[in-house]
Amino acid sequence: EADEAAREIAAAARAVEADPVRLAAIEDRLYALRDLARKHRTSVAALASVRDTLGQRRDALDRGEAGLRVLREAAAAAEATYRVLAERLSAERRAAATRLDRAVEAELAPLRLDRARFVTVVEPLPEAEWEASGAERVSFTIATIPGTPPGPLGRIASGGELSRLMLGLKVVLARGGTAVTLVFDEVDRDVGGATATAVGARLKALAAGCQVLVVTHSPQVAACADHHWQVVKTANGGGARTAVVALSAAARREEIARMLSGATITSAARAAATSLLRDRGG
């Protein structure tokens, strides 16, 4: 077996054509490829991709002015398209602003803001500030005193006015949306008395078209609801727990009486709660 193996090895050796020149050429090419890979900070296998990229850059340089002309034409065409679309968007925004202003102002009177004026400002931007969202800036302003110019909502409106204004705005936007549930967290903040009653009435009217959930500390608002849940937070040695309890008709009256009078519920508070629930249809 050893002799047979030796004969096969000898036959294989005779079949090999020794070519020192070709071997040296292959080794030189391998060294050159490795040098190129180090130069371009890549692997030998990725050199083909590097070659293609460099070829594309060379072709771009060869095209010279012709390539620049093509790019200028493409940029001009893109700018023309942008201007057409931006003008169309601006026209639609101005029309929508007019409709929004009219709709919001119709909501202000029921919220006891009948002297306020809501204005949507569509302000053109300098060409250098144009962006994908259009060529103008849109902002909401309000004037709460007749004869004064409208200003930013946060600077002009008080806390209570801002709460009612946002309610009116959300009511308007809900008409054109697809939301089936609206959640208001203390939308009656900083309002009370007749104004809180107006907010509650508007929320009740809104609930005729969708589900409305309101977090409130106002008895006037709570009395307008169809259902009432009490949120109770308790603390113990292991931490805190929050529970949501659905109230019966009698428990509702007690809770609204507590909201009216505080920790000690009086008979007068219960009578007032009963009157609120009866008058508001809650």
Side-chain angles (χ1 to χ4, degrees), residues 100 103-114 116 118 157-236 238-282:
L100 179 63
V104 171
E105 289 198 4
E107 291 293 329
L108 297 182
L111 295 172
R112 303 178 69 85
L113 285 172
D114 46 299
F118 178 83
S158 65
E161 290 170 338
L162 188 58
S163 296
R164 284 176 284 159
L165 177 63
M166 293 310 298
L167 172 59
L169 185 59
K170 289 180 180 180
V171 168
V172 171
L173 296 178
R175 293 174 186 156
T178 58
V180 295
T181 300
L182 297 176
V183 180
F184 295 94
D185 185 6
E186 297 190 23
V187 70
D188 51 7
R189 185 186 297 112
D190 298 326
V191 300
T195 302
T197 299
V199 170
R202 195 63 197 90
L203 288 167
K204 187 174 184 65
L206 178 61
C210 62
Q211 183 183 51
V212 176
L213 300 178
V214 180
V215 179
T216 182
H217 294 284
S218 168
Q220 293 94 333
V221 173
C224 294
D226 296 323
H227 305 280
H228 195 167
W229 288 268
Q230 183 185 34
V231 181
V232 181
K233 184 175 181 179
T234 56
N236 52 47
R241 180 181 179 184
T242 300
V244 180
V245 182
L247 300 183
S248 64
R252 249 185 108 186
R253 188 192 69 162
E254 286 295 297
E255 177 60 19
I256 291 177
R258 185 193 64 77
M259 295 168 74
L260 285 167
S261 63
T264 302
I265 302 176
T266 63
S267 57
R270 289 190 177 93
T274 301
S275 176
L276 272 178
L277 288 169
R278 182 179 61 248
D279 294 343
R280 308 292 181 268

Original post:
Minimum heavy-atom separation for Ala196 to Val221, with atom names?
Top reply: O-CG2, 3.6 Å
**OP:** Mind listing the closest non-hydrogen atom pair of Ile256 and Ala222 along with its distance?
**Re:** CD1-C, 4.3 Å
**OP:** Evaluate side-chain contact (heavy atoms from CB on, under 4.5 Å) for Phe184 paired with Val199, printing each intermediate quantity in order.
**Re:** CA-CA 11 Å; Phe184 295 94; Val199 170; over 6 Å; no
To the nearest 0.5 Å, what is the distance between [atom1] on [X] and [atom2] on [Y]?
{"X": "Leu276", "Y": "Leu260", "atom1": "CG", "atom2": "CG", "result": "6.0 Å"}
{"X": "Arg258", "Y": "Ile265", "atom1": "CZ", "atom2": "CD1", "result": "7.5 Å"}
{"X": "Gln230", "Y": "Met259", "atom1": "CD", "atom2": "CE", "result": "9.5 Å"}
{"X": "Leu165", "Y": "Lys170", "atom1": "CG", "atom2": "NZ", "result": "11.0 Å"}
{"X": "Leu203", "Y": "Leu111", "atom1": "CG", "atom2": "CG", "result": "8.5 Å"}
{"X": "Arg202", "Y": "Leu108", "atom1": "CZ", "atom2": "CG", "result": "11.0 Å"}

**OP:** Could you please spell out the steps behind the side-chain contact (heavy atoms from CB on, under 4.5 Å) verdict for Glu107 and Phe118?
**Re:** CA-CA 10 Å; Glu107 291 293 329; Phe118 178 83; over 6 Å; no
Original post:
Where the side chain of Thr274 meets the backbone of Arg270, is there a donor-acceptor pair that is under 3.5 Å apart?
Top reply: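 Indeed, once roles are kept as given, a pair shorter than 3.5 Å links the two residues.
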Original post:
Does Arg252 pair with Glu255 as a salt bridge, N-O distance under 4.0 Å?
Top reply: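 Glu255 and Arg252: not salt-bridged.
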